[in-house]
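See structure below.
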Amino acid sequence: KQWYQRRVAITAGINLIEETINHLVSNYLSHVSNKTTVLPKLQDFQDSLISLYLHHLCAVRPLGEGGKMMIATDIAEMERVLGGLLDEHAVSEQFKVLRAFRAVLFLSVEDLCTV
């Protein structure tokens with residue numbers, strides 16, 4: 001039951017981020033005519049979300065394969081949600097770290113030491 005509660009909390013967090021970004025885009029960004037002034041702030045916003053999310057993930061205790069799969073799914077959802085916020089050519093270093101983190105989840109401790 002504790003595992004299920006954590007899973008629901010993670011997914012709820014991703015859903016909340018998606019709702020917030022959709023609200024931001026539809027109610028505010030769609031009315032901005034000069035998006036070049038807003039893009040740097042959106043990039044900062046995206047990077048902050050990714051950084052906070054990854055810091056929280058790193059605080060999780062050792063995971064089984066099921067937990068790793070759930071987190072990998074959540075990371076894919078984060079990529080999808082945040083990928084629509086900015087132009088694909090404006091992929092930041094934090095976004096690349098988010099993508100790379102998914103692969104790191106499935107490495108053993110020995111594999112991490114050799115990378």
Practice task
Look up atom CE in M78 and atom CD1 in I50, then write down how far apart they are to the nearest 0.5 Å.
Solution key: 6.0 Å
Practice task
For D47 and S92, work out which heavy atoms get closest and say how close.
Solution key: OD1-OG, 2.6 Å
Exercise for the section: To the nearest 0.5 angstrom, please state how far the CZ atom of R80 sits from the CD atom of E18. Expected result: 4.0 Å
Problem - Polar side-chain atom of H23 near backbone of E19 as donor-acceptor pair, under 3.5 Å - result: no
Practice task
Taking Q46 for its side chain and L82 for its backbone only, find out whether a donor-acceptor pair lies under 3.5 Å.
Solution key: yes
Handout entry: Contact summary for I75 and L98, nearest pair of heavy atoms
Key = CG2-O, 3.5 Å
Problem - Interatomic spacing from OG1 in T37 to NZ in K41 - rounded to 0.5 Å - result: 11.0 Å
Handout entry: Minimum heavy-atom distance Q94-S51, with the two atoms named
Key = NE2-CB, 3.9 Å
Practice task
Could you tell me whether the side chain of Q43 reaches within less than 4.5 Å of the side chain of L39, counting heavy atoms only?
Solution key: no
Problem - Interatomic distance, L49 atom CG to D44 atom CG [nearest 0.5 angstrom] - result: 11.5 Å
Handout entry: Working for side-chain contact (heavy atoms from CB on, under 4.5 Å), residues T20 and L24
Key = CA-CA 6 Å; T20 302; L24 175 72; 5.6 Å; no
Problem - Close side-chain approach of F106 to M69, heavy-atom, < 4.5 Å - result: yes
Handout entry: Distance (rounded to the nearest 0.5 Å) between K68 NZ and M70 CE
Key = 12.0 Å
Handout entry: N22 backbone acceptor or donor facing S26 side chain under 3.5 Å
Key = yes
Exercise for the section: Indicate the atoms forming the closest heavy-atom contact of D74 with Y53, along with that distance. Expected result: CB-OH, 3.1 Å
Handout entry: Full working for side-chain contact (heavy atoms from CB on, under 4.5 Å) between Y28 and V38
Key = CA-CA 11 Å; Y28 299 102; V38 177; over 6 Å; no
